[in-house]
Structure formats: structure tokens, C-alpha cells
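Working notes for the structure below.
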Amino acid sequence: MVEQHSKNNKLTWPWPWPMYVVIATILTIVAVVNWDIYKKEQHLADGQVIRLTLAPVDPRSLMQGDYMVLNYALAAEILPLMDEINSDGVLQVSLDENRVATLVSIAKDPDVKQQTSSLVNIQYRLRNNRVKFASNAFFFEEGQAKRYERAKYGEFRVNQQGELLLQSMLDKNFNKL
């Protein structure tokens, strides 16, 4: 697409150079977003199932539609043990026969390795005296609040680094809602 004019032997491009920068930027953004989607799909496909007991809060937001603010029983258990306002770390949890997590220990070092096959590491963030895991909100279709009021557990997938991804909400009998 490069044209050469015989009058002054200058190369001219069909578009001005800023257009190439815009196209390169768009292609880079699309590639990064697609890579992130791919990594999350792999996390959901290959991650180990772990369930956290919920303490749900008001399932409504006028500005954002219907959603449920998620609090976790595990977060309430570890919050009194924290001495900082903002920190990151790893929890070691054990899983019962239903894959529900129970706290075993807290580590500030995110590179803590699993000690046995019965322990699972999960990352946490402490921000303004609030423990945060993968997701602190679950969005759902408008008008479905009654359905999700029965949620007792959040089902997550955890990868080798201890990162959690919320997969679904479960009722008291571990049925997907």
C-alpha cells in the first residue's frame, strides 16, 4: 500500500501516521483483554472447588441494579486477628467433605506453600478494616432477588497462586441457585 511518487521520490502512506498508532493501540487492548479472559476461563476450568460460607447483605442497589453484597463467615473470623488496616496475605484453610473452607492459619507472606494436600491457600486483601476475597458482590438479573436470598455459600475456583474466582451461589444443601 505504499505509493512512490516519481516527482520527488517520497514515500506516502495511505493514512496519516496517527491512524497507525490508534490501530496498534486498539489491537493491543483487544489482545490484553482476550488474554485476561482466556486466563480466567482456564482458572474456572482447572481451579480447585472451594466453598465459603456467606453472610449476605441487602440484595439491592438502585444505581447498579440487583446485586448482593457478599460478606464471608471466614472474613469475620480473621478480622479480629489482623493488626493492620491495609495488608495482603494468604489464608490456609482446610476443606470438609462438602468442600467448605475452615481457617487453619494466616500468613502475611503470599509465597507460602501448601504444607499438605489437605490444606488450600487462598489470598486475601485487608482494606480499611474489611477483609476482601475474590468478589464482594454478586450481580444478578433484575427481579431475581428472592432466588438469591437463599444463598448460604459462594462456590469458588482457586488456582495454585490462591486466587479465587466466584463461580456460583449455593443454597444450604449445596444446590446451585
Side-chain angles (χ1 to χ4, degrees), residues 36-141 144-177:
D36 189 51
I37 290 168
Y38 171 77
K39 295 298 284 180
K40 293 218 182 328
E41 286 175 347
Q42 292 302 109
H43 188 154
L44 288 172
D46 300 333
Q48 184 178 3
V49 174
I50 184 172
R51 296 173 177 158
L52 299 180
T53 306
L54 297 176
V57 181
D58 183 24
R60 277 302 286 188
S61 170
L62 297 176
M63 296 300 289
Q64 296 176 309
D66 286 352
Y67 80 105
M68 182 183 311
V69 174
L70 300 177
N71 286 328
Y72 305 97
L74 193 60
E77 190 178 336
I78 67 171
L79 190 57
L81 304 174
M82 300 291 169
D83 55 355
E84 299 177 30
I85 294 176
N86 296 313
S87 67
D88 294 350
V90 174
L91 301 177
Q92 287 190 323
V93 297
S94 63
L95 303 179
D96 67 13
E97 66 277 357
N98 293 312
R99 308 210 48 87
V100 177
T102 304
L103 180 65
V104 173
S105 67
I106 301 171
K108 296 283 184 183
D109 180 14
D111 293 328
V112 170
K113 303 292 183 232
Q114 288 179 223
Q115 294 175 352
T116 66
S117 60
S118 65
L119 295 179
V120 176
N121 292 339
I122 59 173
Q123 295 178 357
Y124 73 88
R125 296 180 316 276
L126 182 63
R127 300 292 184 265
N128 300 319
N129 280 341
R130 184 149 189 236
V131 177
K132 296 184 179 194
F133 296 110
S135 178
N136 290 330
F138 180 73
F139 291 85
F140 49 85
E141 190 176 328
Q144 297 292 318
K146 289 268 187 234
R147 175 180 176 194
Y148 291 104
E149 284 176 353
R150 300 177 298 144
K152 298 295 179 200
Y153 301 95
E155 185 171 81
F156 294 84
R157 292 288 183 147
V158 61
N159 64 13
Q160 294 294 330
Q161 293 75 37
E163 297 170 334
L164 293 170
L165 278 180
L166 182 59
Q167 182 174 348
S168 58
M169 304 300 284
L170 307 174
D171 66 12
K172 67 181 179 180
N173 298 319
F174 304 103
N175 298 314
K176 290 186 180 183
L177 300 176

> Hey, does the side chain of R157 reach the backbone of D46 with a donor-acceptor pair shorter than 3.5 angstrom?
Replying inline: no
>> Could you measure the distance from the OG1 atom of T102 to the CG atom of L95? Nearest 0.5 Å is fine.
In response: 8.0 Å
> With sequence neighbours excluded, what pairs up with Y72 under the ring-ring contact (aromatic ring centres under 6.0 Å, His included) test?
Replying inline: F133, F156
> Rounded to the nearest 0.5 Å, how far does CD1 of I122 lie from CG of N159?
Replying inline: 12.0 Å
> Any salt bridge between D88 and K132, counting N to O under 4.0 Å?
Replying inline: no
> What's the shortest heavy-atom distance between M169 and A151, and which atoms?
Replying inline: CE-CB, 3.8 Å
> Between CG of L54 and CG of L170, what distance do you get to the nearest 0.5 Å?
Replying inline: 8.5 Å
> Taking the side chain as C-beta and beyond, is there a heavy-atom pair between Q48 and R99 under 4.5 Å?
Replying inline: yes
>> To the nearest 0.5 Å, what is the distance between CG on N71 and CG on L52?
In response: 12.0 Å
> Do you know which two heavy atoms are closest between L165 and A134, and how far apart they sit?
Replying inline: N-CB, 4.0 Å
>> Applying side chain to side chain contact (heavy atoms under 4.5 Å, CB included), can you list everything that pairs with I78, at least two apart in sequence or on another chain?
In response: M82, L91, L103, I106, V131
> With sequence neighbours excluded, what pairs up with N173 under the side chain to side chain contact (heavy atoms under 4.5 Å, CB included) test?
Replying inline: D171, N175
> Closest heavy-atom contact between V100 and Y153?
Replying inline: CG2-CE2, 3.8 Å
> Who passes salt bridge (charged side-chain N to carboxylate O under 4.0 Å, His left out) against K40, sequence neighbours left out?
Replying inline: D36
> With sequence neighbours excluded, what pairs up with R51 under the salt bridge (charged side-chain N to carboxylate O under 4.0 Å, His left out) test?
Replying inline: E155
>> The criterion is side chain to side chain contact (heavy atoms under 4.5 Å, CB included); which residues satisfy it with K39, sequence neighbours excluded?
In response: W35
> Given side chains that start at C-beta, do those of L79 and L126 come closer than 4.5 Å, heavy atoms only?
Replying inline: yes
